[in-house]
Amino acid sequence: MITSTYTSRSSPLPITRLHNPSPAELDACIAAHRPAIITGLFDGQEATRWDLASLQRKLGSRVVQVAKHAEPRLYWDPKAGLRIEPHTFDDFVERAFKRKDSGYWYLQDDVNSFPQIKDDYRLPEMIARRNVWRAKFWLSGAGLITPLHYDPVETFHWVIRGSKRFVCYRPGVRNFYPNDRRSTAPFISRVDPDGYDERQFPRFARAIPVEFSVEEGELLYLPAFWWHQVYSEGGVNVSLNFVWFASLAKCLRHLPQLYANKKHLLLRRKQIRAQAVAAAAEVAAQKASASAA
């Protein structure tokens, strides 16, 4: 049910809050194509108890892909892409959270890369029936900022540990100065909302921000094509997100953003399918080994 609405500090657009919504209420929320915060759908699941220690027990020696950057705001090079380093999960935790080595560390990867954690959560039917085609795992410390970008897919972002502040903008292209569609990052804006040259990006001033925080245990519905810059504010931030394709009507309404990102989206989908096949093979091998023992 709808429990309340509140107004963003930056915009009069109300942000709906839903607690244990019915399928019809969730459908209406998605049809409205505005961010909303949802509670109650994942309460009591094993993943709600994740912390660094429990994740290390599950993933300790596994090699994970980590983005590391000297500045809080991650930089995605339009030509080279996002710089990724392989580390064992234990090494990542040691460097990023215990020793607190310099820089900002961010683990982000498809859940298929971590079959050890997939049994710790289940999707409620009202989410699963949307043909979710990707689940992504995120882990970082405080202070990290993901740059202003949009996703051409609908997203539920579940904050399991910590909190995140979102600064969002309605869909569009003209006011946001995205990287060239032939680059590796056509979905990322060249504008930093925290400080930019108004002479270089004069139209960005027309974009009205919608700002809110998503706290531990809350699920954010982030509509496809909405621009967002995200600030990790908890000491340990653990999140999962689940994505599915927007309706044909929404895609047609925002066709320039979809078209600009088509090549990257198709490549990503191919990579995710390969990860899913590899994960299934790993699970099968583990079961066969256990049976043999």
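Geometrically, Arg190 does not engage Tyr177 in a cation-pi contact defined by less than 6.0 Å to the ring centre and at most 45° from the axis.
Judged purely by atom type and a 3.5 angstrom limit, Asn237 uses its side chain to pair as donor or acceptor with the backbone of Ser163. Judged by distance alone, the side chain of His228 and the main-chain N or O of Trp226 form a donor-acceptor pair under 3.5 Å. Panel note: side chain Gln257, backbone Gly172; a donor-acceptor pair is recorded below 3.5 Å. Side-chain atoms of Trp105 do not come within 3.5 Å of backbone N or O of Val93 as any donor-acceptor pair. The main-chain N or O of Arg174 is found under 3.5 Å from a side-chain atom of Arg203 such that the two form a donor-acceptor pair. For the pair Asn241 (side chain) and Thr155 (backbone), a donor-acceptor distance under 3.5 Å is absent. In this structure, Gln45 contributes its side chain and Arg122 its backbone to a donor-acceptor pair below 3.5 Å. Between the Thr184 side chain and the Pro78 main chain, a donor and an acceptor come within less than 3.5 Å of each other.
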Below 3.5 Å, can you tabulate the donor-acceptor pairs from side chains in residues 80-87 to any protein atom, sequence neighbours excluded?
unit_1, atom_1, unit_2, atom_2, d
Glu85, OE1, His87, NE2, 2.9
His87, ND1, Asp91, OD2, 2.8

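Taking each heavy atom of Arg62 and Ser113 in turn, the nearest pair found is NE-O, 2.7 Å. Minimum interatomic distance between Ala246 and Cys251 (heavy atoms only, all atoms of both residues): O-SG, 3.8 Å. Nearest heavy atoms, Arg181 versus Pro186: CA-CB, 3.6 Å. When all heavy atoms of Val210 and Ile15 are compared, the closest pair comes out as CG1-CD1, 3.5 Å. The heavy-atom pair separating Arg73 from Val191 by the smallest distance is NH2-O, 3.1 Å. The two residues Tyr150 and Asn261 have their closest heavy-atom pair at OH-CB, 3.8 Å.
Between the CD atom of Gln108 and the OG atom of Ser140 there is a distance of 9.5 Å, given to the nearest 0.5 Å. The CD atom of Glu216 sits 11.0 Å away from the CH2 atom of Trp158 when rounded to the nearest 0.5 Å. Taking CZ of Phe225 as the reference point, atom CG of Asp151 lies at 10.0 Å (rounded to 0.5 Å). Separation of atoms CG (Leu240) and NZ (Lys118) is listed at 11.5 Å; rounding is to 0.5 Å. Here the CD1-CE distance, from Ile30 to Met126, works out to 10.0 Å after rounding to the nearest 0.5 Å. Taken to the nearest 0.5 Å, the NE2 atom of His19 stands 9.0 Å off from the CG atom of Leu41.
Side-chain contact between Val153 and Arg134: absent, with no pair of heavy atoms (C-beta onward) separated by less than 4.5 Å. Inter-residue side-chain proximity for Ser54 and Arg49 is flagged as unmet; no heavy-atom pair is nearer than 4.5 Å. Taking the side chain as every heavy atom from C-beta outward, Asp192 and Pro147 never approach each other to under 4.5 Å. When side chains are defined from C-beta on, Leu219 counts as touching Ile127, because their heavy atoms get closer than 4.5 Å. The closest side-chain heavy-atom distance from Val64 to Phe114 is below 4.5 Å. At least one side-chain heavy atom of Tyr231 sits under 4.5 Å from a side-chain heavy atom of Asp194. Side-chain contact between Glu218 and Val159 is absent, with no heavy-atom pair separated by less than 4.5 Å. Annotation: side chain of Phe97 is in contact with side chain of Leu139 (closest heavy-atom distance under 4.5 Å).
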Derivation and outcome, side chain to side chain contact (heavy atoms under 4.5 Å, CB included), residues Cys29 and Leu18 = CA-CA 9 Å; Cys29 169; Leu18 300 164; 3.9 Å; yes
Before giving the answer on side chain to side chain contact (heavy atoms under 4.5 Å, CB included), spell out for Phe212 and Leu220 the whole-Å C-alpha distance, their side-chain angles and the decisive distance to 0.1 Å.
-> CA-CA 10 Å; Phe212 53 88; Leu220 170 67; 3.6 Å; yes
Evaluate the criterion side chain to side chain contact (heavy atoms under 4.5 Å, CB included) for residue pair Asn175 and Trp227; output intermediate values, then yes/no.
-> CA-CA 11 Å; Asn175 294 337; Trp227 293 87; over 6 Å; no
When you look at His33 and His254, which way does the ring-ring contact (aromatic ring centres under 6.0 Å, His included) test go after all the steps?
-> CA-CA 12 Å; His33 202 62; His254 306 294; 5.4 Å; yes
Show your working on side chain to side chain contact (heavy atoms under 4.5 Å, CB included) between Glu211 and Phe166 and close with a plain yes or no.
-> CA-CA 6 Å; Glu211 183 178 348; Phe166 284 74; over 6 Å; no
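Linking Ile, Leu, Val, Met, Phe, Trp and Tyr residues whenever their side-chain heavy atoms come within less than 4.5 Å places Leu55 and Val66 in a single cluster. Cluster annotation: Leu107 is not connected to Leu144 through the hydrophobic network of ILVMFWY side chains, with a link wherever side-chain heavy atoms come within less than 4.5 Å. Hydrophobic clustering (ILVMFWY, side-chain heavy atoms < 4.5 Å, transitive): Ile145 and Tyr104 are in distinct clusters. One hydrophobic cluster, built from ILVMFWY side chains closer than 4.5 Å, holds both Val236 and Phe92. Linking Ile, Leu, Val, Met, Phe, Trp and Tyr residues whenever their side-chain heavy atoms come within less than 4.5 Å places Ile160 and Phe42 in a single cluster.
Salt-bridge annotation for Lys58 and Asp120: present, with a side-chain N of the basic residue lying under 4.0 Å from a carboxylate O of the acidic one. Salt-bridge formation is detected for the pair Asp27/Arg129: a Lys NZ or Arg NE/NH1/NH2 atom is positioned less than 4.0 Å from an Asp or Glu carboxylate oxygen.
Counting heavy-atom neighbours within 6.0 Å of Asp197 CG, excluding the residue itself, gives a total above 12.
Annotation: ring-ring contact (aromatic ring centres under 6.0 Å, His included) contacts of Tyr169 (sequence neighbours excluded): Phe176, Phe204.
Using cut-offs of 30° and 60° on the angle between ring planes, the pair Trp244 and Phe156 is tilted. In this structure, Trp50 and Phe137 have perpendicular ring planes: the angle between them is above 60°, well past the 30° mark. Note: Phe187 and His149 have perpendicular aromatic rings, judged against thresholds of 30 and 60 degrees for the angle between ring planes.
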